[in-house]
2 protein chains.
Amino acid sequence: MVVDELGGTEADRIFHALADATRRDIIARVIRQEQSVSALARLYPMSLAAVQKHVAVLERAALVTKERHGREQRVRADLTVLRRATRLLDAYEQLWRHRTHSIEQILAEDQEGH
Amino acid sequence: MVVDELGGTEADRIFHALADATRRDIIARVIRQEQSVSALARLYPMSLAAVQKHVAVLERAALVTKERHGREQRVRADLTVLRRATRLLDAYEQLWRHRTHSIEQILAEDQEGH
DNA sequence: CTCATCTACAACCATTTGGTTGTAGATTAG
DNA sequence: CTAATCTACAACCAAATGGTTGTAGATGAG
């Protein structure tokens, strides 16, 4: 029923991408060192295609980028996006602590287009 | 195919709960002031039952709790859980900055069990 | 050149998600 | 008591998720 262009807001995509243990593990691994897709696939009890899909979800959320290097496609993390997610949650906490009445700021940051 | 008890790990539930704009809006509102379910339902272009389901998702993630007050069910935020999510993302950022080789800590925190 | 490897992508399937309507139980108002 | 309100929950449905297998195109190794 969602007729949206693709998957909703940026926050939608980021949190959805984080809502899976395999994807969080992929992030944690490529933070330390970029890895090829098939190297990642060997780590998990699922097919290469499944891991490709997980990487694609992370890519849609801009949490990782791929860079072709020979015949390999190296996956690496883009931490600035992860930082945006952290700041969004931080904003909710601020909202709590300060009981601020200007909720519009955090909600505005939570829209498509940021 | 998931024969799991219910929805995976705590982090799964928290991030999944946050991956929807309506649910994030509900959190932002009940942070400021607890609201009854039907009061929340009037805010969104969907049925009461739909909002009930969103609240249930937030409840499964322990991001909100309900407290009966007369015939109303007041929804309020539990910020300690939101804080856990923030700390989890913070941990990823630390992992990035310090390139620490003890990834086990953050992964351990990411398991079912607390 | 030939073959193995890495990747992409389509088709398919079961389950979950996010919405609906409808029914029914508590609780308060008058 | 009766009626209106708030909530819960079941049944249903379309679409998205998360997995599979299979096919095919690039690229590197020998």
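Protein chains get the first letters and strands the later ones, always in sequence-line order, with residue 1 at the start of each.
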So does A/Glu34 pair up with A/Arg74, basic N to acidic O under 4.0 Å? yes
Side-chain N or O of A/Arg42 closer than 4.0 Å to phosphate OP1/OP2 of C/dC6: yes
Atom-pair distance (CD on A/Gln73; C1' on C/dT5), nearest Å: 14 Å
Mapping A/Ala19 and B/Ser38 onto DNA chain D by nearest heavy atom, which one lands closer to the 5' end? B/Ser38
So what does A/Arg74 hit on the nucleic acid, given a heavy-atom distance under 4.0 Å: a base, only sugar-phosphate, or nothing? nothing
Student check: side-chain heavy atoms of A/Leu79 and A/Leu82 closer than 4.5 Å: yes
Spacing of CZ belonging to A/Arg84 relative to CG belonging to A/Leu89, to within rounding of 0.5 Å: 12.0 Å
Under 3.5 Å donor-acceptor, A/Arg13 side chain and A/Gly8 backbone: yes
Between C/dT17 atom C1' and B/Asp12 atom CG, what is the distance in whole Å? 15 Å
Taking only side-chain nitrogens and oxygens of B/His16, does any of them come within less than 4.0 Å of OP1 or OP2 of D/dG18? no
For a quick check, with a 4.0 angstrom heavy-atom cut-off, what is the B/S/- contact string for nucleotides 25-30 of chain D, read 5' to 3'? --BBS-
Is there a donor-acceptor pair closer than 3.5 Å between any side-chain N or O of A/Ser38 and the backbone N or O of A/Ala41? no
Between protein and nucleotides 20-22 of chain D, what N or O pairs are separated by less than 3.5 Å?
unit_1, atom_1, unit_2, atom_2, d
D/dT20, OP1, A/Ser47, N, 3.4
D/dT20, OP2, A/Ser47, N, 2.8
D/dT20, OP2, A/Ser47, OG, 2.6

Side chains of B/Thr9 and B/Asp12: donor-acceptor distance under 3.5 Å anywhere? yes
Under 4.0 Å between a side-chain N/O of B/Ser36 and OP1 or OP2 of D/dC6, yes or no? no
Any donor and acceptor pair, going by atom type alone, linking the side chain of A/Arg23 with main-chain N or O of A/His54 inside 3.5 Å? no
Using a strict 4.0 Å threshold on nitrogen-to-oxygen distance, state whether A/Asp20 and A/Arg24 make a salt bridge. no
Taking only N and O in the side chain of B/Lys66, is any of them less than 4.0 Å away from OP1 or OP2 of D/dA8? yes
